[in-house]
Structure formats: C-alpha cells, structure tokens
Visitor: 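A single structure is presented below for examination.
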Amino acid sequence: EAGVVQSPRYKIIEKKQPVAFWCNPISGHNTLYWYLQNLGQGPELLIRYENEEAVDDSQLPKDRFSAERLKGVDSTLKIQPAELGDSAVYLCASSLGVWGTSNEQFFGPGTRLTVL
Amino acid sequence: TQLLEQSPQFLSIQEGENLTVYCNSSSVFSSLQWYRQEPGEGPVLLVTVVTGGEVKKLKRLTFQFGDARKDSSLHITAAQPGDTGLYLCAVASGTYKYIFGTGTRLKVLA
C-alpha cells in the first residue's frame with residue numbers, strides 16, 4: 001500500500017511569490033495534518049483536518065497561509081506571498097483518526113521550500 | 001516555554017557504543033511517542049508508551065516512560081550506523097494532536 005505522497009519534493013522560489021504543496025494521504029485515513037519543520041527541530045502543527053473539516057488551525061498564519069481538503073481526501077497548502085522565514089520542510093501526515101482505534105501518524109517525505 | 005525538552009541536542013558516537021537520550025517536561029501526559037527521522041524523510045513511529053514506569057523494547061532500543069509520566073528515555077545498545085537520524089519524542093495534547101520535542105540528532109560513526 002502506498003504511503004503518504006507529497007509533491008513537489010523540493011521548491012525554490014523568490015520572496016513574495018506564491019507556492020503550493022500537495023498531499024495525498026493513505027487511503028482510508030480520515031485525519032490529515034500539515035506540519036512545518038525547521039532545520040534540526042521537531043515538527044510544528046499548522047493545521048489538522050478531520051475529513052474535510054479543519055478542526056485545528058490555531059497555528060496557521062492565516063494572513064499568508066491557506067489550506068484546503070475539499071473532498072476529504074487530498075489536501076493543498078498554499079503560501080501567498082512567501083517570505084524568507086518560510087524556508088523550511090513542510091510535512092504532511094495522516095492517521096485513521098476518529099473512526100479508527102489507532103492514532104499513529106504516518107508521515108510523507110515532506111516538501112523542502114527555499115525562499116530566496 | 002518549550003513543552004518538551006530533549007537532550008542531548010547532538011550526539012556523535014562510534015559504532016558499538018551505548019547511548020541514552022532523554023525527553024523531559026514539567027507536565028503530565030497520557031501517552032508519549034518516539035519517532036526516528038532520517039534525512040530527506042518524514043518521521044517514523046518507533047513506539048508509544050502509555051503507562052507510568054512502562055518499559056518497551058524494540059530490538060536494540062529500550063524505551064522507558066517515567067513513573068510520573070513526565071519524562072521518557074530511549075537507550076540504544078551497540079549502536080550501528082543505521083541508527084543515525086533525528087530522534088523525536090511527541091506527546092498527546094488533546095485528541096489526535098501531538099506536540100513534538102526539540103529532537104536529538106544522532107550520528108553513529110563506522
């Protein structure tokens with residue numbers, strides 16, 4: 001079975017440009033997470049979805065970041081406009097969530113963003 | 001205020017040596033997870049501990065949850081180069097939400 005898929009793996013953009021990241025979770029996983037990970041640090045939650053509903057977006061900088069999971073399956077995270085400080089790895093994870101007995105998160109490989 | 005402090009921050013050892021890394025907090029948690037993350041990959045769950053004083057073993061890795069459920073340790077016996085990576089602890093904050101620690105970056109030299 002395929003794991004969590006993310007694309008692109010790497011992205012280099014100029015500051016003030018927009019950028020979007022895509023995530024396809026493991027089939028059947030209701031919960032989807034977007035994390036930001038700075039170099040050498042632990043992941044920090046940006047937003048969590050239960051199906052298509054964003055149940056926790058308190059850490060998402062809403063002035064420039066947005067996310068969607070329209071059909072409760074794949075998800076897109078967007079930054080517009082990007083700033084130098086947004087350079088980081090953006091990780092997507094999924095879990096069975098509310099309807100499952102396991103709360104194990106499965107992570108994708110991440111998208112490494114460099115803002116110049 | 002950092003919820004979870006991990007120590008040491010960096011560790012470089014020779015193959016065959018033993019090591020212990022720690023995850024500490026002033027708060028009590030219902031469960032704690034340990035992950036390993038290799039370069040260019042996402043974290044992979046190693047273990048979940050839920051009972052104070054619990055000890056779990058995974059081959060050469062031994063995980064312990066503190067009696068008061070505020071801290072945890074990970075001990076690796078006879079480290080191998082394949083153990084190299086970023087070790088992260090994470091604790092449950094609410095339902096299906098985890099907060100990650102600062103991480104310990106381990107390098108095992110052949």
Visitor: Is it the side chain or the backbone of B:Q6 that comes within 4.5 Å of chain A heavy atoms, both, or neither?
Guide: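 Looking at B:Q6, nothing touches chain A.
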
Visitor: Hey, quick one: are A:Y49 and A:F65 part of the same hydrophobic cluster, counting side-chain heavy atoms closer than 4.5 Å, chains of contacts allowed?
Guide: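 The answer is yes; both residues are in one hydrophobic cluster.
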
Visitor: Go through the steps for B:L86 and A:Q37 under the test side chain to side chain contact (heavy atoms under 4.5 Å, CB included), then give the verdict.
Guide: CA-CA 12 Å; B:L86 179 67; A:Q37 186 176 27; 3.7 Å; yes

Visitor: Is there a donor in the side chain of A:Q105 and an acceptor in the side chain of B:Q33, or the other way round, less than 3.5 Å apart?
Guide: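 No.
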
Visitor: Spell out the residues in residues 107-116 of chain A that have some non-hydrogen atom less than 4.5 Å away from a non-hydrogen atom of chain B, in order of number; otherwise answer 'none'.
Guide: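 Contacts with chain B: A:F107, A:G108, A:P109.
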
Visitor: Does CD in A:E52 sit with more than 12 non-hydrogen atoms of other residues, nucleotides or ligands closer than 6.0 Å?
Guide: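 Yes, CD of A:E52 has more than 12 neighbouring heavy atoms, counting only those of other groups under 6.0 Å.
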
Visitor: Going only through I, L, V, M, F, W and Y residues with side-chain contacts under 4.5 Å, is there a path from B:F29 to B:L46?
Guide: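 Yes, because B:F29 and B:L46 connect within a single hydrophobic cluster, where side-chain heavy atoms sit under 4.5 Å apart.
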
Visitor: Considering residues, nucleotides and ligands other than A:L39, do more than 12 of their heavy atoms fall under 6.0 Å from its CG?
Guide: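 No - once you tally the heavy atoms of other residues, nucleotides and ligands closer than 6.0 Å, there are 12 at most.
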
Visitor: Grab the two heavy atoms, one from B:P43 and one from A:L91, that are nearest each other, plus how far apart they are.
Guide: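 What the structure gives for the nearest pair is CD-CD1, 4.0 Å.
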
Visitor: With a 4.5 angstrom heavy-atom cut-off, could you sort out which part of B:Y35 is near chain A: side chain, backbone, both or neither?
Guide: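 The answer is the side chain of B:Y35.
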
Visitor: Do any pairs count as a disulfide bond (SG atoms under 2.5 Å apart) and have a residue in residues 46-85 of chain B, sequence neighbours left out, and if so which ones?
Guide: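 Checked against disulfide bond (SG atoms under 2.5 Å apart) - neighbours excluded - no pair reaches residues 46-85 of chain B.
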
Visitor: Cluster question for you: counting only ILVMFWY and a side-chain heavy-atom cut-off of under 4.5 Å, with indirect links fine, are B:L45 and A:Y35 together?
Guide: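 Shared cluster, yes.
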
Visitor: For residues A:Y33 and B:Y98, establish whether the separation of their ring centroids is below 6.0 Å.
Guide: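 Aromatic pair excluded; centres sit 6.0 Å or further apart.
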
Visitor: Quick check on A:K11: does its NZ atom have over 12 non-hydrogen neighbours (other residues, nucleotides or ligands) under 6.0 Å away?
Guide: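 No, because the 6.0 Å sphere around NZ of A:K11 holds 12 heavy atoms or fewer from other groups.
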
Visitor: Look up atom CZ in B:R105 and atom CD in A:Q41, then write down how far apart they are to the nearest 0.5 Å.
Guide: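 The distance works out to 9.5 Å.
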
Visitor: Please name the pair of heavy atoms, one in B:L88 and one in A:P43, separated by the smallest distance, quoted to 0.1 Å.
Guide: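 What the structure gives for the nearest pair is CD1-CD, 3.8 Å.
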
Visitor: A:K62: which residues meet the salt bridge (Lys or Arg N to Asp or Glu O under 4.0 Å) condition with it, sequence neighbours left out?
Guide: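 A:K62 satisfies salt bridge (Lys or Arg N to Asp or Glu O under 4.0 Å) with A:D57 once adjacent residues are dropped.
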
Visitor: Assigning hydrophobic clusters by single linkage (Ile, Leu, Val, Met, Phe, Trp, Tyr; side-chain heavy-atom cutoff under 4.5 Å), is A:L60 placed with B:I99?
Guide: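 Cluster IDs for A:L60 and B:I99 differ.
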
Visitor: For A:E83, check salt bridge (Lys or Arg N to Asp or Glu O under 4.0 Å) against everything at least two apart and list the hits.
Guide: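 Here the qualifying residues are A:R64.
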
